Amino acid sequence: MANSEFDLAPSDRRRVWTHLVEKLERHYSDPSLLRVAPPLDPAEVRDYCSVDFNTPVTPTDAIDYVTAGLDQFIVHTSHPGYYGLFNPRPAFAGIIADAITAVYNPQLAAWSHSPFAVEAENYVIREFGRKFGYSQDSIDGTFTTAGAEANHTALLLALTKKVPHYGEKGLAGTPHAPVIYVSAESHHSFAKAAGLTGMGRESVRVVPTNKSFAMDVKALHRMIAADEGAGLLPVMVVSTLGTTGVGAIDPVKEIDSIARKYGMWHHADAAWGGAAAISSRYRHLVEGIELADSITFDAHKWLSLPMAAGMIITRHPSILSETFRITADYMPREGKELDIVDPFTHSIQWSRRFTGLKLFMAMLIYSWEGYEKTINSQFETGELLRRKLRAGGWKIYNDTKLPVVNFGLADLEGNPEKITRFCRKVTDSGKVWISVYKTGQTSTLRACITNYNTAEKEINLLLNTLSQARAEG
Ligand SMILES: *Cc1c(COP(=O)(O)O)cnc(C)c1O
C-alpha cells in the first residue's frame, strides 16, 4: 500500500507508537505525581494552545506538547486523591478498547458495515438488561454518547408512547401539553431534554424530596393528579437511583405503582448507582429497577471506563424502532433482507463509533466477578471515609449507602462563600479534589469514591488535608 504522509513510514510509526506508549504508561502508572487539579488561569491555557498551524511539528513533538498540556491543565480523574463527580480512573481494559476502536474505525450506523461491532454491543446491552432484572426476550437498548443522551432518549420514548403521532406531528399531535416529573435532586439533563423536545423546560415538574433526599411520593401523586385535572398530559416520571449530588435512591417501587396508575412511562436514571446491581451484597439498594420501562446506565462512571459510554436499556423491544425509524435511500439495505437492526434506526446518533467495545472488553477481561469485587471495595472505602469523618468531628448530611459523602461543619453549612473558600483551600493543596454541593439551603462538601485505587492511605491524606484547612480557620 502506498504510504501517504498521513501514515508515516512503518519504521517511523513504530518509533512513535513506542514513544506514545512510554508517555502514557508513565502517566497511567502514577498520576499522583501530578497536582490533582490545575490552577484555573484561562489566559495561561489559551496561550499554551495558541500554536502555529502553518508550521508542522513531528509526531513525537506533538505527543510531548499535548501530554504536557494535559499534565498541567486538566483535573486528573485518574489520581487517587480525586473524590469527584463520578469521573473514574479509566480501567486499562477500556483504554485498550478505545485504541482498537480508533485503529479499526468501525462505522456503527448500519449493521452491514460492522456486524461484529453491532452484535457485540447488542450482546453486552442484553447482559446488562438481564443484570438489572429485565427478562431476556424483551430487552432492547443502545449505547449513547453518555447519560444525558440516554435520558433524552428516554423522554423521546415516553413521548412516542404517549403522544399520538409524536414522530410525525410532534407536540401538535395532542391538545394536552405533556409534563414530566423528576425529584429535586435529579439530574438537570432532563430539563435540557425537555427543552430539546419542544416541551419546554417548564414542563419539568420538580417533586420535593424527603429528609433522605429521595422523592416524596405523596407529593408526586398530588402533583400528577393536579396536572391531569388541569388538562395536562403526564407522560413520564423519573426515579433516580443514586442522585448526582448526594447519592439518594428514589422509592422506585412506589413510583412505579403511580406510573402504572396514570399510564405514564417510568424511567430509572441509574447512571452511576446502577452499578450496585452487579454486587450481590448491594443489589437490594436498586431492587425494583426492573419495573421501570427504561434505564439509563453509564459505563464511564462506576464501571470505570474511559469517557464516554452511556446506555439506554428498555424492556419494550419495539419502542426504539418506533421512535427513531427513518428510511434513507442511500443507506445499505440489508436491514430489509436479514434479521438485523441498523443502529441508526435505533438511536439519536447516525455515524457512531464502537462505544460498546469498552464495556465488552472490560467484561471479557474482568468478568462480573472482577467488577463485583471492585464495586464492593469502593462501597467499603466510602464507608471508611464516613466513619473517619464522623470520628474527626465532621457532620454528615446524606444517609446513602453509596460511596458518596456530603459533610461539613455547622458554621459552614449556611455560608456558601465560606464553604467555597474552605473547599478551594483543600483543593489548592494539589493533593486532593473535593467539591461543594448545595442542597436546599445547606452547603456541603462532597467526596465521592470514583477511583478504584483510592484506599485507606488516600483517605487518611484527605482527612489530614481537611484538618489542616480547618485548623487554619
Ligand atoms: C452523570 C449523570 C447523568 C448525566 O450523564 P452524563 O454521562 O454526564 O451525560 C445523568 N443522571 C445522573 C444521575 C448522573 O449521575
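Since we're looking at a predicted model, the values are computed, not measured. All ligand and atom numbering here is 1-based and tracks the order in the structure. Heavy atoms only: backbone and side chains are in, while hydrogens, waters and symmetry mates are out.
Side-chain atoms of Thr314 come within 3.5 Å of backbone N or O of Asp293 as a donor-acceptor pair.
The protein heavy-atom contact nearest to atom 10 (C) of ligand 1 is His187 CG, 3.2 Å. Looking only at protein heavy atoms, the nearest one to atom 12 (C) of ligand 1 is Asp269 OD2, 3.4 Å. When hydrogens are left out, the protein atom nearest atom 1 (C) of ligand 1 is Lys301 NZ, 1.3 Å; that is the closest non-hydrogen contact. If you check which protein heavy atom lies closest to atom 9 (O) of ligand 1, you get Ala148 N, 2.8 Å. Ranking the protein heavy atoms by distance from atom 7 (O) of ligand 1 puts Asp298 OD2, 2.6 Å first.
Between Arg283 and Glu287 there is a salt bridge, since a side-chain N of the basic residue sits under 4.0 Å from a carboxylate O of the acidic one.
Ring centroids of His221 and Tyr262 are separated by less than 6.0 Å, placing the two rings close together. For Phe213 and Tyr397, the gap between ring centers reaches or exceeds 6.0 Å.
In this structure, Arg446 forms a cation-pi arrangement with Phe86, its terminal cationic atom sitting closer than 6.0 Å to the ring centre and no more than 45° off the ring axis.
At least one heavy atom of Thr244 sits less than 4.0 Å from an atom of ligand 1. Taking 4.0 Å as the cut-off, His300 counts as a neighbour of ligand 1 on heavy-atom distance.
In this structure, CD1 in Ile278 is found 7.0 Å from NZ in Lys131, a value given to the nearest 0.5 Å.
At a 4.0 Å heavy-atom cut-off, ligand 1 touches Asn151 through the side chain alone.
Comparing Gly147, Ala268, Ala146, Ala270 by heavy-atom distance to atom 5 (O) of ligand 1, the nearest is Gly147.
Residues Val246 and Asn398 share a closest heavy-atom pair of O-ND2, 3.1 Å.
Annotation for ligand 1: atoms under 4.0 Å from non-hydrogen atoms of Phe86 are 15 (O).
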